[in-house]
Protein chains: 2
Amino acid sequence: MTRPPIRIVLADDERMVRTALRAILSAEPDLEVVGEAATGAEAVSVVREARPDVALMDVRMPGTDGIRATEQILAVLPEPPRIVVVTTFENDSYVYDALRAGAAGFLLKRADADTLVRAVRLVAHSDTLLFPSAVRALAAEHARANPAPPAWVARLTGREGEVLRLMATGLTNAEIARSMGVGPATVKTHVASVLAKTGSRDRTQAVVRAYEAGFMNGR
Amino acid sequence: MTRPPIRIVLADDERMVRTALRAILSAEPDLEVVGEAATGAEAVSVVREARPDVALMDVRMPGTDGIRATEQILAVLPEPPRIVVVTTFENDSYVYDALRAGAAGFLLKRADADTLVRAVRLVAHSDTLLFPSAVRALAAEHARANPAPPAWVARLTGREGEVLRLMATGLTNAEIARSMGVGPATVKTHVASVLAKTGSRDRTQAVVRAYEAGFMNGR
DNA sequence: ATCCCGCTCCGCCGCACGGGGGAGGACCGC
DNA sequence: GCGGTCCTCCCCCGTGCGGCGGAGCGGGAT
């Protein structure tokens with residue numbers, strides 16, 4: 001069962017990293033590096049030209065980063081490569097973005113050569129492997145849970161934001177006033193502004209908007 | 001580089017499934033089925049005896065299901081096997097539970113033999129593979145985003161639940177009444193019950209509770 | 001047959017809330 | 001200096017909301 005070699009594109013802004021990766025991967029007979037890129041934009045065009053099976057994509061790159069490049073590749077190409085996103089720290093928020101962008105895999109730079117090779121073979125050969133729709137669903141849920149905040153969030157002034165947060169904990173105007181150390185009339189003014197800017201008629205609607213907008217994420 | 005064979009335990013309540021899995025896996029020289037179990041409890045004891053490298057765990061089993069068995073195995077054994085959870089439908093809520101329980105992999109029953117074998121080799125050989133802490137973090141976030149609903153959720157009657165959902169979209173009592181096809185007085189009664197059962201004084205507080213309790217997950 | 005519960009309504013009352021005004025002071029940029 | 005924004009606070013008024021008590025009706029349990 002001899003398969004054609006796995007075609008790989010490397011995208012990393014540091015030449016040394018690319019060289020190291022190429023050395024590791026080229027040592028395997030079934031792997032073949034067919035292109036390199038130093039920027040996100042370059043990665044997109046190189047992938048479009050070389051049509052690899054797998055792309056190793058660094059997150060931090062000048063210009064368009066690896067995440068955006070991943071999005072663009074998956075959006076543009078009809079049969080995109082499996083994209084493995086590479087980063088240094090595992091607890092990066094990049095992880096979520098990478099999965100959401102459609103990355104097939106996620107790899108740490110500190111990974112040893114064996115792990116790297118195995119990961120490449122894995123994503124290349126598997127149509128749907130270990131975490132098929134599961135990860136996708138989790139990432140989608142993450143996206144649903146952390147949507148892009150609406151425009152009105154930015155328009156809220158500092159005080160109005162405070163008031164909205166307190167509103168969204170179920171406090172009355174009087175309680176908010178005490179909590180903020182101002183008069184009730186002031187709170188009423190801020191509440192009115194919040195209602196206007198959020199397009200709500202109720203404080204209840206404003207609270208709903210706050211939650212739906214992810215404004216209350218983090219207490 | 002000849003390694004010792006990968007020791008595998010199969011846990012599935014259907015004998016035919018176990019037989020089929022054993023047939024597929026035994027055909028590979030580097031795989032060895034060292035035990036079978038038909039229930040979750042049995043799986044725990046068999047794994048404890050046989051000390052396999054990998055356990056294929058069906059979710060639906062009489063008594064303790066695969067998820068609980070996974071939890072117990074990982075909690076009890078010092079060097080637990082890599083557990084691959086097997087189920088029929090990929091959009092099961094089991095997926096989240098499996099990942100949260102600490103399953104190393106997730107496999108669909110419709111997977112072909114090649115995928116199955118590859119998955120087993122994969123989880124067996126990899127200390128930390130493609131989605132190391134990423135999946136764990138996502139699953140943890142899922143757990144945080146979907147906490148166990150408070151007791152009052154169960155106490156709500158059907159109508160009260162409907163009213164709460166409509167409240168939590170920012171509707172007034174009159175609008176809820178129209179939306180439900182009942183009189184405003186009826187809605188007031190239900191609202192009062194909801195406030196009492198949720199321990200809220202406001203409709204606003206009730207809405208907050210609804211969101212915090214994950215009551216509004218899914219629009 | 002009885003009780004309990006859920007769903008459906010009614011009236012009355014007090015009040016926090018929201019709308020519509022206005023006003024003064026602090027800060028910033030042109 | 002002057003306009004703009006933000007924060008602060010005031011009054012009046014209408015009303016949606018929530019608390020209280022009561023009532024009829026149907027179904028399931030005992």
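Naming convention: chains lettered A, B, ... in sequence-line order (proteins, then strands); numbering from 1 in each chain. Heavy-atom basis, side chains included; hydrogens, waters and symmetry copies ignored.
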### Test side chain to side chain donor-acceptor pair (under 3.5 Å) applied to Arg209(B) - qualifying residues, sequence neighbours left out
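Here the qualifying residues are Ser200(B).
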### Message
Which residues pass the side chain to side chain donor-acceptor pair (under 3.5 Å) test with Arg159(A), not counting sequence neighbours?
### Response
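With neighbours one apart ignored, the set is Glu162(A).
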### Task
Let me know, please, whether Lys197(A) or Gly183(A) comes out on the 5' side of the other along DNA chain D by nearest nucleotide.
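Nearest nucleotide further toward 5': that of Lys197(A).
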### Message
Mind checking if Thr157(A) touches a base, just sugar-phosphate, or nothing, with heavy atoms under 4.0 Å?
### Response
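Result for Thr157(A) = sugar-phosphate.
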Within the distance-only criterion (no hydrogens, no angle test), does the side chain of [X] pair as donor or acceptor with the backbone N or O of [Y] below 3.5 angstrom?
X: Thr64(B); Y: Ala41(B); result: yes
X: Asp65(B); Y: Val59(B); result: no
X: Gln205(B); Y: Asp202(B); result: no

#### Entry: Comparing Ala185(B) and Asp202(B) on DNA chain C - which has the more 5′ nearest nucleotide
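Closest to the 5' end, via its nearest nucleotide, is Ala185(B).
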Just wondering, do [Y] and [X] contact through their side chains at under 4.5 Å, heavy atoms?
X: Ile176(B); Y: Met167(B); result: yes
X: Val182(B); Y: His190(B); result: no
X: Val86(A); Y: Asp12(A); result: no
X: Arg60(A); Y: Asp13(A); result: no
X: Leu156(B); Y: Lys197(B); result: yes

#### Entry: Given dG18(C), dC7(C), dC9(C), the nucleotide with the shortest approach to the side chain of His190(B)
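Nearest to the side-chain atoms of His190(B), counting from C-beta on, is dC7(C).
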### Query
Nearest to the side chain of Leu195(A) - dC10(C), dG19(C), dT8(C)?
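Closest nucleotide among those given: dG19(C).
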### Task
Using the heavy-atom set of chain A and a strict 4.0 Å cut-off, write down the first and last nucleotide of DNA chain D that makes it in, 5' to 3'.
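The contacted stretch runs from dC6(D) to dC10(D).
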### Message
I need the minimum non-hydrogen distance between Pro81(B) and Pro52(B), along with the two atoms involved.
### Response
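Result for this residue pair: CB-O, 3.3 Å.
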### Query
Axis-to-axis angle across the helix from dA1(C)-dT30(D) to dC30(C)-dG1(D), five pairs an end, to 10 degrees?
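Comparing the axis at each end, I get an angle of 50°.
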### Query
Rounding to a whole Å, what distance do you find between Arg203(A):CZ and dG19(C):C1'?
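It works out to 15 Å between those atoms.
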### Task
For the residue pair Trp152(A) and Phe215(A), categorise the inter-ring angle as parallel (less than 30°), tilted (30 to 60°) or perpendicular (more than 60°).
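Trp152(A) and Phe215(A): tilted rings.
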#### Entry: salt_bridge(Arg18(B), Glu42(B)) N-O dist < 4.0 Å
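Result for this pair is no, no salt bridge flagged.
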#### Entry: Any residue of residues 169-181 of chain B with a heavy atom less than 4.0 Å from an atom of DNA chain C
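Contacting residues: none.
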Between N or O atoms, less than 3.5 Å apart, protein on one side and nucleotides 20-26 of chain C on the other: list the pairs.
none

